[in-house]
There are 2 protein chains.
Amino acid sequence: MKNSGERSTIQDVAKLAGVSTMTVSRALAPNASISIKSRLKVESAINELNYRPNVSARRLASDKSFFIGLLYDNPSAAYVSQFISGAMRKCRRLGFHLVVDECNGDDENILATAKNLQDELALDGAILLPPLCDNVKLVDYLLSRSISVVRIAPDIDINRTPYICINDYEAAFKVTEHLIKLGHHKIAFIKGDPKIGASRLRLQGYIDAMHSQNLTIADEYIQYGAFTYKSGLIASANLLNLSTPPTAIFAANDDMASAAIATINRLGFSVPEDISVVGFDDSPIATTMWPSLSTVQQPMTDMSEKAIELFSQGKINPEALTTDRIRNVLNFTIMQRESIAPAPALLDQKKQP
Amino acid sequence: MKNSGERSTIQDVAKLAGVSTMTVSRALAPNASISIKSRLKVESAINELNYRPNVSARRLASDKSFFIGLLYDNPSAAYVSQFISGAMRKCRRLGFHLVVDECNGDDENILATAKNLQDELALDGAILLPPLCDNVKLVDYLLSRSISVVRIAPDIDINRTPYICINDYEAAFKVTEHLIKLGHHKIAFIKGDPKIGASRLRLQGYIDAMHSQNLTIADEYIQYGAFTYKSGLIASANLLNLSTPPTAIFAANDDMASAAIATINRLGFSVPEDISVVGFDDSPIATTMWPSLSTVQQPMTDMSEKAIELFSQGKINPEALTTDRIRNVLNFTIMQRESIAPAPALLDQKKQP
DNA sequence: TAACAATTAGTTATCGATAACAATACTGAG
DNA sequence: CTCAGTATTGTTATCGATAACTAATTGTTA
């Protein structure tokens with residue numbers, strides 16, 4: 001190992017391994033033709049010297065840019081920043097640069113931002129966060145410029161690019177099932193933004209879980225929501241004003257769930273004694289709230305690291321996409337916190353102003 | 001202008017300007033000796049070709065890295081991500097790369113993370129967000145490696161490095177003054193994390209504004225807080241349980257202010273009719289809340305862009321630091337929203353469970 | 001005005017990697 | 001065993017910029 005401060009170069013590795021620099025370079029490339037013997041020699045030299053290629057030199061010499069764009073529209077700051085931090089770290093390790101950009105507005109604007117970014121940096125890859133992951137025009141454009149695309153939780157054209165997600169359906173199913181096991185029968189659901197595919201899956205998971213236990217769902221128990229706090233306030237107020245309010249509210253994300261808690265408290269009920277509340281995403285608000293919010297945790301760091309890894313495993317070219325490369329479904333965790341409890345034996349209190 | 005897709009190089013500029021590439025290079029450097037005539041020729045050629053230097057080539061050829069580290073400890077995700085987005089954009093424009101890293105834990109850990117980053121990337125500059133901006137050991141280390149440092153809202157060794165902030169004192173003063181003008185006399189304050197310098201300034205602004213109007217502050221009206229939602233819940237509950245609760249609560253950040261709103265609602269009072277609430281920072285929660293929160297907006301994008309600009313204006317070397325380069329105090333904005341109203345004529349309701 | 005500094009501009013080598021081509025080492029068929 | 005054909009490895013030029021040196025120009029002073 002060279003004395004710290006000085007980084008070792010490909011020349012050092014080549015000398016130590018007793019091969020040419022090209023052989024080292026080839027050992028690093030995913031699809032190069034190189035003998036096993038050389039590869040081993042090079043690999044051990046790399047380890048010994050703790051060598052890592054100089055990105056700038058690479059970028060200059062090759063036609064690749066090693067830039068990966070992370071494009072998002074308007075998911076919550078928390079969602080984005082959680083995703084970023086894992087992706088950044090992984091990028092650094094693998095010699096990529098992450099370029100984060102917000103694509104706002106209508107389709108035209110979004111496309112313009114993407115084009116601009118591309119003109120400026122010549123992206124090698126792009127990661128699309130919801131709801132951009134389902135923007136067909138954007139995907140078309142990126143693929144037409146032969147930019148590798150990885151989508152997070154897409155709902156459309158599932159097999160067109162590799163994607164990463166959790167099983168939203170199953171998560172919602174299990175949460176609902178759990179509430180039922182705690183004795184809840186009157187479970188309401190606050191839907192998410194219909195533009196985001198996962199909303200549909202979460203709703204369906206809830207519905208199917210209810211039906212699987214032979215529970216019927218009153219129409220009014222499924223409320224419209226849009227992933228915003230405000231929409232959660234309205235939806236939860238609607239639910240509490242029903243003649244028979246629910247004993248549990250399952251919201252499609254944490255912002256709406258925390259709005260539900262606020263409403264419940266404001267109307268003189270308490271969480272979880274009177275009404276249990278569950279959210280989705282495990283965003284920071286879930287633990288800043290009091291009572292803390294039970295929710296579904298997505299493994300954001302794993303997801304973002306996985307996304308970057310996909311780029312490094314050779315070019316993601318459409319023909320070579322095997323199913324196991326395309327589908328990357330990671331495990332969720334149900335975070336049980338203070339906001340849920342067994343159903344109250346009887347709920348006959350009246351709300352008081 | 002070259003046909004889009006192809007970027008023009010320094011050679012193109014040199015040819016068009018009728019000079020050598022070195023002259024172009026020098027025209028771009030901050031302290032190079034070059035005649036006005038050549039500089040003008042080069043500049044117009046650069047404009048015509050829309051030339052922007054290739055960062056990789058630069059990094060390879062020079063001893064600079066063009067990496068700027070953005071180090072933060074644990075300010076809210078919202079604070080960091082707002083800062084990042086401006087900084088990223090500016091970096092792209094000026095040919096830097098922003099490397100974002102979280103430095104957690106005790107001083108030793110923080111230092112280790114910074115050293116690691118430095119070994120890996122050889123930073124040209126570092127931006128320190130609070131509370132890292134006041135970590136003397138960290139600043140010492142970075143300066144000792146001759147990394148340019150820009151600090152955000154520092155409280156210690158103010159003149160050691162350039163810094164960027166708003167006038168927290170004045171903002172707090174004006175907010176308090178505004179509440180007083182609305183007829184509030186019983187104004188309480190929830191303090192921020194004492195590790196963060198701005199906390200002290202915000203408190204002092206509040207105190208001085210009260211005194212300037214000859215209002216006295218009951219001891220119990222100044223509550224301990226730590227910038228967290230939970231600490232805001234406790235502090236506000238304390239305030240509402242006083243025999244004469246305040247008619248206005250000013251919290252040193254939005255998280256605590258929103259906790260205050262939650263407590264007020266839970267105890268059967270309403271905002272702003274019974275009690276006005278003001279926060280600080282204009283974080284996303286301020287507008288997701290209902291009622292929306294009046295607060296002080298820091299110009300985060302301006303701050304982050306300014307920070308990056310400082311690096312590009314030649315090396316920030318300690319000797320050349322004039323006062324006007326060091327101090328960068330930007331303007332805040334008081335965001336008046338739904339959570340404040342004139343003081344109630346009389347507050348004689350009792351809280352009801 | 002000649003002689004010498006000080007400024008400004010140009011030339012060449014270099015950073016660390018890969019592309020494209022050239023050379024060599026293996027392989028199996030005849 | 002030889003030779004074509006393939007698999008592997010090496011050589012040289014190159015990416016786009018700057019450092020370090022050299023050359024030319026300008027300005028100053030005796």
Side-chain angles (χ1 to χ4, degrees), chain A residues 2 6-43 45-46 49-67 94-97 120-122 124 314-315, chain B residues 2 6-43 45-46 49-67 94-97 120-122 124 314-315:
Chain A
K2 277 198 146 179
E6 284 297 304
R7 268 179 72 159
S8 42
T9 71
I10 201 171
Q11 333 279 346
D12 302 323
V13 176
K15 200 188 293 175
L16 182 62
V19 297
S20 73
T21 59
M22 267 319 291
T23 302
V24 178
S25 177
R26 280 191 267 256
L28 262 34
N31 309 318
S33 66
I34 181 176
S35 67
I36 299 178
K37 215 169 56 177
S38 313
R39 160 158 276 141
L40 289 176
K41 278 193 293 186
V42 170
E43 274 171 2
I46 285 179
L49 294 173
N50 190 29
Y51 164 78
R52 293 209 281 105
N54 180 314
V55 185
S56 300
R58 265 194 162 171
R59 180 159 26 230
L60 197 56
S62 73
D63 56 351
K64 303 200 201 73
S65 73
F66 296 93
F67 282 121
L94 297 177
F96 289 103
H97 277 301
E120 209 165 311
L121 299 173
D124 275 352
K315 198 95 181 165
Chain B
K2 276 196 146 181
E6 284 297 304
R7 267 179 73 160
S8 42
T9 72
I10 201 172
Q11 332 279 348
D12 301 325
V13 176
K15 199 187 296 174
L16 182 62
V19 297
S20 72
T21 60
M22 266 319 291
T23 302
V24 178
S25 179
R26 279 191 267 257
L28 262 34
N31 309 318
S33 65
I34 181 175
S35 67
I36 299 177
K37 214 170 57 177
S38 315
R39 161 157 276 140
L40 288 177
K41 276 193 294 186
V42 169
E43 274 171 3
I46 285 178
L49 294 173
N50 189 28
Y51 164 76
R52 292 209 282 104
N54 180 315
V55 186
S56 299
R58 265 192 161 172
R59 178 156 32 226
L60 196 57
S62 74
D63 57 351
K64 304 201 202 72
S65 73
F66 296 93
F67 282 121
L94 296 178
F96 290 102
H97 277 300
E120 208 166 313
L121 299 174
D124 274 353
K315 198 95 179 164

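Here is how names work: the chains are called A, B, and so on, in the same order as the sequence lines, proteins then strands, and each is numbered from 1.
Atom CD1 of I36(A) is separated from atom P of dC26(C) by 15 Å (rounded to the nearest Å). R39(B) places its CZ atom 12 Å from the C1' atom of dT8(C), with the value rounded to the nearest Å. Atom pair L40(A):CG and dT8(D):P shows a separation of 13 Å (rounding to whole Å applied). Rounded to whole Å, the distance from CG on L28(A) to C1' on dG16(C) is 13 Å. For the pair I34(B) CD1 and dT25(D) P, the computed distance is 17 Å after rounding to whole Å. When rounded to the nearest whole Å, the span between CD1 of I10(B) and C1' of dA19(D) equals 13 Å. Atom CE in M22(A) sits roughly 17 Å away from atom P in dA23(C) (whole-Å rounding). Look at CD on Q11(B): it is 8 Å from C1' on dA17(D), rounded to the nearest Å.
Using a 4.0 Å heavy-atom criterion, one finds that V19(B) contacts the sugar-phosphate atoms exclusively. Using a 4.0 Å heavy-atom distance criterion, F66(A) is classed as making no nucleic acid contact.
Contact check, T23(B) against dG10(C): a side-chain N or O comes under 4.0 Å of OP1 or OP2. Contact annotation: S35(A) side-chain N/O to dT9(D) OP1/OP2 distance is under 4.0 Å. The shortest distance between the side-chain N/O atoms of S25(B) and the OP1/OP2 oxygens of dT18(D) is below 4.0 Å. OP1 and OP2 of dC15(D) both lie 4.0 Å or more from every side-chain N or O belonging to T9(B).
K15(B) has its side chain out of reach of Q11(B): every pair of non-hydrogen atoms, C-beta onward, lies at least 4.5 Å apart. Counting heavy atoms from C-beta on, the side chains of R58(A) and L28(A) come closer than 4.5 Å. Counting heavy atoms from C-beta outward, L16(A) and Y51(A) have side chains that stay 4.5 Å or more apart.
With rounding to the nearest 0.5 angstrom, the CG atom of L94(A) is 9.0 Å from the CZ atom of R52(A).
Remark: dA30(D) base-pairs with dT1(C). Criterion, Watson-Crick or G-U wobble with two distances under 3.5 Å.
Ring geometry, F67(A) versus H97(A): the interplanar angle falls from 30° to 60°, so the pair is classed tilted.
Shown for residues 53-62 of chain B: residues whose heavy atoms fall under 4.0 angstrom of DNA chain C, namely L60(B), A61(B).
Along DNA chain C, the nucleotide nearest T21(A) and the nucleotide nearest K37(A) are compared for position; the residue whose nucleotide lies closer to the 5' end is T21(A).
Checking side-chain atoms of S56(A) against main-chain N and O of R59(B) turns up no donor-acceptor pair under 3.5 Å.
Residue S38(B) has its side chain nearest to dT8(C) when only dT11(C), dG10(D), dT8(C) are considered.
Just one residue in the list I10(A), D12(A), T9(A) forms a side-chain contact (heavy atoms from CB on, under 4.5 Å) with T21(A), and that residue is I10(A).
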